Structures are given as structure tokens and as C-alpha cells.
Amino acid sequence: MNGTVGPEVVEAGRMEIPVTNVVGFYQHGWHSWCESRWIDPSHPSPPIADPIARMGHADPVHALDTVPGGSGLGAVEHRDGSITLLGALAGGAWVHLEDGRLVGTYEDGAGPWVSLDGGEVETFDRYARLLAERLGRRGGSGVRLWASWYSFYEDVTERKMHEAIAGLDGLELDIIQVDDGWQQAIGDWEPNDDFPSGMADMADRIRAGGRRAGLWLAPFIVAPQSRLATERPELLLRTAAGDPVVAGVNWGGPYWALDVTHRETREHLAAVLSELSRAGYDFFKLDFIYAGALPGEHAEPTSRAEAFRNACRHLRAAVGKDTYLLACGAPILESIGVFDGIRIGPDVGPSWDDGTYASAGRAMVTSAHRLWLAPAIDTDPDVVYFRKTELSTLTARHIRFLAEIAGFKGTSDTPASLTDNEREALAAFLIQHPDVEQRARYRWHVGEHDVDFEPIMSAGNREPQWRVAG
């Protein structure tokens with residue numbers, strides 16, 4: 001294919017766009033936590049050779065690639081500052097830069113492509129709108145959420161939640177979400193002994209305050225010791241050798257992927273979500289769901305993208321169109337149109353760089369490079385902090401700017417952890433709706449502030465020297 005396709009949509013299994021005078025490549029990660037950023041194409045990200053290191057943080061099909069590439073789309077910056085973007089309009093595609101060409105391929109068969117040229121801000125915005133037109137757009141009303149994770153982590157209990165709910169009274173929050181730690185095991189989605197009154201009672205308490213009740217699940221993975229894994233081994237995704245597919249390492253060991261093409265897997269998960277929906281939950285954060293798109297020996301042979309999207313459609317049908325579904329650890333394009341919102345970066349930990357994926361620096365880099373997705377799906381850059389943490393005051397402020405740009409305001413600070421001034425700042429943040437305008441790649445105007453995220457791009461393991469006016 002020669003030149004610019006423009007708004008014309010082309011169906012093809014492979015697309016090639018010649019590009020010249022290239023000075024940058026936009027590398028788009030596979031799912032929520034996978035790094036996205038502009039890179040020097042002469043220094044692509046190195047292959048992730050260690051299988052433990054790449055589990056859950058890279059597309060296993062492309063983890064060993066040696067040329068710059070990204071999931072669903074790729075873009076190059078030319079010497080004059082303009083860009084050329086080659087993007088898929090369906091899931092299951094990969095775009096890489098090789099020998100002066102942007103090359104796009106669908107993993108299984110053909111699909112729709114679009115190529116766009118122009119200024120960076122306008123081009124990414126146009127692409128996002130085309131994704132929404134093609135795949136559908138949900139959400140769009142803004143979110144103000146409190147979640148238990150960054151205060152209680154897995155030590156969340158019924159008593160702690162009761163105290164938090166009472167203490168959050170008077171704050172303009174739409175949703176209160178019980179995060180990881182309420183369940184018996186990963187895969188066994190019933191309340192553990194720390195929730196003796198049950199999850200319906202918890203939902204009732206949340207809803208009594210006029211908020212929506214939210215709940216965290218990781219539906220497409222199981223812990224090896226869970227009842228589901230031991231009693232229903234036929235639901236596990238397996239390798240060609242017959243071993244369970246390891247989807248990652250967490251909770252003290254490896255966790256396995258379910259075969260989401262198996263009819264009984266889909267029926268089981270739909271029943272779980274339906275029961276929790278009837279218990280009063282109408283906001284679900286579905287986490288680690290890239291596991292539904294891992295390679296393996298599926299009961300129903302299909303592409304990884306279709307396996308994932310079909311499974312997610314079953315969950316959507318189980319909870320109904322009015323339930324808000326937030327995807328996390330989720331393939332990006334494959335989630336648009338099914339989910340209302342999606343996490344656009346790793347966890348925003350309470351320190352700049354603690355050597356893990358859950359650190360503010362990594363999270364801010366990837367989230368800042370995915371804000372363009374907003375016309376297609378609600379973008380969640382994760383929580384903001386008002387309590388005192390290891391982060392500098394200016395870093396915490398820029399995390400809040402990210403949330404205001406995205407229109408998705410989440411926090412996890414407990415009322416008891418906040419001073420009076422911090423609580424007042426949180427209350428003001430929740431009710432403010434500043435005008436937002438992107439003026440360049442990393443420059444935004446947010447209310448009365450000129451915000452520049454460029455310092456995070458080269459900060460490394462030390463917090464940047466921020467530049468903000470207003």
C-alpha cells in the first residue's frame with residue numbers, strides 16, 4: 001500500500017506504509033500495565049527473555065521481538081514534527097517498524113486498517129473516534145470512586161470497610177469499591193471469613209449512602225489451590241503438553257489461566273457475576289483479564305482476540321447494560337465497546353520507583369501516553385493520593401492532573417489517614433470539573449494551570465523536576 005489511506009478503511013491481513021525521516025516511534029503496550037511511550041526507533045525495547053519477568057507484562061507472542069512494535073497500532077514522528085499512524089480497528093493486530101515501513105498484521109486472518117497523517121494531537125484523536133465508531137462507545141459520564149486497595153491491600157475486612165464507609169460520608173463519591181482480599185481464593189468468588197455478613201450486606205451498606213457498590217474480581221485466572229482449579233480442572237487453559245498455562249506470578253506463587261472458550265467456563269463466570277449483581281453490585285473492576293487472550297489449546301479454536309472479546313461479552317450480558325465494567329490488565333483495543341472504562345497504566349504506588357511495576361513513575365509514563373483513548377473508552381489512570389506518602393507534593397499534584405484530564409477520579413485514602421486540610425483538598429478535587437485542553441504531546445491546560453508531563457519521560461528512578469504554571 002503506497003502513501004496515506006486517510007479516513008478510508010482497508011480490509012487486509014497485512015498493511016505496509018512507507019515512512020521517511022523518522023525520529024520517533026510510538027510503542028503501544030498490549031494491555032493496561034504494558035509500557036506505552038514514544039521511543040527512539042534506533043534503540044527499541046530489548047526482548048524480555050526471562051519468562052517470569054514477562055509474565056503478565058508483555059504479549060507473549062511478541063515479547064522476544066527485536067524491532068519496535070506495538071499492539072493494535074504504531075505511529076512514527078517525522079523530522080518536521082508530523083506523524084503517520086497505522087492503526088487497526090479491531091483486536092488481534094500488531095504494528096511494527098522495519099526497513100522504512102510501518103507494517104501491520106492481524107494474528108489470525110484479515111481485519112480493518114486505517115492510516116492517518118498530520119499533527120500528533122489531532123491524529124490520535126481522530127483514530128480514537130474511529131475506534132469508537134467501529135467498536136462502540138460506553139461510559140462517558142465521569143467516575144468518582146473510592147477503592148480499598150491502597151489502604152488495606154489484601155487485609156481488607158468487613159469492619160475496616162464499615163469504618164471507611166462511615167468516614168467517607170459527605171464526600172462526593174459515586175462508587176465505593178471493595179478490592180482484592182474479600183474472596184476465599186483467586187477463582188473462588190465467595191466472601192471469606194473476614195466478611196461474615198456476606199457481600200450483599202456490604203452492598204446494602206454502600207448503597208444506603210447513595211453510592212454504587214463496586215467489587216473487584218479477576219475472573220479469567222485461578223490459584224492452583226482454589227476449589228475451582230482442583231474440582232474443575234477441565235476449565236483450565238492448557239499448553240500443547242497438557243500443562244496449565246501460567247498467566248503470571250502473584251499472591252505468593254503462579255496463577256493459571258482459564259480457557260474462556262470453554263462453554264462451561266463462560267457459564268460458570270456468568271453465574272458468578274449474575275449472583276453478585278443480584279447482591280447489589282453494579283460496578284465491577286475485572287482485573288488480570290489479559291489471561292483470556294493468552295495462547296493455549298482452546299476448547300473452541302479461535303483467535304486470541306475473539307476468545308477474549310467473546311468471553312467479555314458473556315460477562316457483559318450477565319450483568320446487564322447499566323452495570324459499569326472497568327477493565328484492568330486488559331488488552332486495549334479488544335476491550336473497547338464492551339467495557340465502560342479501562343486502566344491505562346500500571347498501579348500508581350505511593351513511591352516514585354520501588355523496583356516493581358506498582359510505582360508512580362512507570363504508571364505516569366504509560367498513562368500519559370494513553371490519554372488519547374478518551375473518545376473511545378473511559379480512561380482510568382489509577383488513584384490519586386491526598387494522604388502523606390513518599391511522593392513529593394508536586395508529583396502528587398501531577399497525578400491529580402492526570403485524573404482531571406482523564407475525568408476518572410479514584411482515591412484510596414482512608415478518612416482516618418487524612419488531616420483536615422487533606423480531606424478538604426480531596427473534597428474540592430471531587431467536585432471540580434476544570435476545562436481541559438491538550439496543546440502538545442505532553443502539555444495540557446487544566447483549569448488555570450499549564451501542565452507539562454515531559455519531565456517524567458527521562459526521570460528514571462528519581463522524581464523529576466516538575467514545570468507547572470498557575
Side-chain angles (χ1 to χ4, degrees), residues 27-36 48 51-65 69-73 88 90-94 107-108 135 180 186-187 216-223 235-239 244-251 254-262 265-266 269 284-296 298 302-316 325-339 341-347 356-358 362-363 366-367 370 373 377 379-380 382:
Q27 174 182 281
H28 186 243
W30 179 44
H31 68 70
S32 302
W33 313 326
C34 300
E35 185 179 61
S36 294
I48 306 176
I52 300 298
R54 70 174 176 252
M55 278 191 297
H57 296 285
D59 185 341
V61 172
H62 295 282
L64 301 181
D65 287 0
S71 179
L73 69 142
W94 190 264
E107 188 172 319
D108 188 1
L135 300 173
D180 182 12
I186 300 299
W216 175 96
L217 296 92
F220 296 160
I221 61 174
V222 292
L235 303 187
L236 299 174
L237 182 64
R238 297 188 179 272
T239 66
V245 169
V246 176
V249 177
N250 203 346
W251 302 283
Y255 52 89
W256 296 338
L258 291 174
D259 181 358
V260 297
T261 73
H262 198 299
T265 300
R266 296 194 299 266
L269 295 177
F284 292 99
K285 177 181 176 181
L286 304 185
D287 210 348
F288 295 85
I289 55 175
Y290 64 84
L294 290 175
H298 290 95
T302 186
S303 71
R304 294 192 296 143
E306 280 303 301
F308 173 84
R309 194 165 173 87
N310 287 339
C312 293
R313 288 191 185 111
H314 274 83
L315 299 187
R316 165 59 69 189
L325 292 183
L326 174 64
C328 188
I332 307 299
L333 268 63
E334 291 83 351
S335 298
I336 295 172
V338 180
F339 289 88
I342 191 168
R343 270 279 295 279
I344 54 172
D347 286 8
T356 74
Y357 285 93
R362 288 182 176 88
T366 291
S367 290
R370 283 207 178 120
L373 280 160
I377 190 169
T379 51
D380 171 17
D382 204 16

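Keep in mind the model is a prediction, meaning the values are calculated, not measured.
The CZ atom of F220 sits 6.5 Å away from the CG atom of L269 when rounded to the nearest 0.5 Å. T379 OG1 to L373 CG: the interatomic distance, rounded to the nearest 0.5 Å, is 7.5 Å. Atoms CG and CD1, on L217 and I186 in that order, are 9.0 Å from each other to the nearest 0.5 Å.
With sequence neighbours excluded, no residue satisfies salt bridge (Lys or Arg N to Asp or Glu O under 4.0 Å) with R238. Contacts of F288 classified as ring pair (Phe, Tyr, Trp, His ring centres under 6.0 Å), with partners at least two apart in sequence or in another chain: W33, W251, Y255.
Between the side chain of T239 and the backbone N or O of V245, no donor-acceptor pair lies under 3.5 Å. Without hydrogens or angle criteria, R343 side chain to P346 main chain gives a donor-acceptor distance under 3.5 Å. Distance alone, capped at 3.5 Å, places no donor-acceptor pair between the E107 side chain and the R304 backbone. Using modelled atom types, no side-chain atom of T265 and backbone atom of V260 make a donor-acceptor pair closer than 3.5 Å. Formation of a donor-acceptor pair under 3.5 Å by the H28 side chain with backbone atoms of L73 is not found in this model. With hydrogens and angles disregarded, a donor-acceptor distance shorter than 3.5 Å links the side chain of S32 to the backbone of A330. Put simply, the side chain of Y290 never gets that close to the backbone of C328: no donor and acceptor are under 3.5 Å apart. A donor-acceptor distance shorter than 3.5 angstrom exists from the side chain of R370 to the backbone of I344, with no hydrogens or angles considered.
Pairing each heavy atom of A88 with each of A93, the nearest pair is CB-CB, 3.5 Å. Closest approach of A247 and I221 over heavy atoms only: CB-CG2, 4.2 Å. When all heavy atoms are compared, the tightest approach of S36 to T366 is N-OG1, 3.2 Å. Among all heavy-atom pairs drawn from I289 and A327, the shortest one is CD1-CB, 3.9 Å. Counting all heavy atoms, side chain and backbone alike, L294 lies closest to H298 at O-CE1, 3.5 Å. Counting all heavy atoms, side chain and backbone alike, P295 lies closest to L237 at O-CD2, 3.8 Å.
V222 is listed as a side-chain neighbour of L236, based on a closest heavy-atom distance under 4.5 Å.
Between D59 and H62, the side chains place no donor N or O within less than 3.5 Å of an acceptor N or O (distance only, hydrogens not considered).
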Show the numbers, then the answer: is there a side-chain contact (heavy atoms from CB on, under 4.5 Å) between T261 and N310?
CA-CA 8 Å; T261 73; N310 287 339; over 6 Å; no
Apply the test side-chain contact (heavy atoms from CB on, under 4.5 Å) to residues L326 and L286: give CA-CA distance (whole Å), side-chain angles for both, the deciding distance (0.1 Å), then the verdict.
CA-CA 6 Å; L326 174 64; L286 304 185; over 6 Å; no
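A salt bridge is defined here as a Lys NZ or Arg NE, NH1 or NH2 lying under 4.0 Å from an Asp or Glu carboxylate O, and E35 with R362 fails to meet this definition. A salt bridge does not link D259 to R266: none of the charged nitrogens lies less than 4.0 Å from a carboxylate oxygen.
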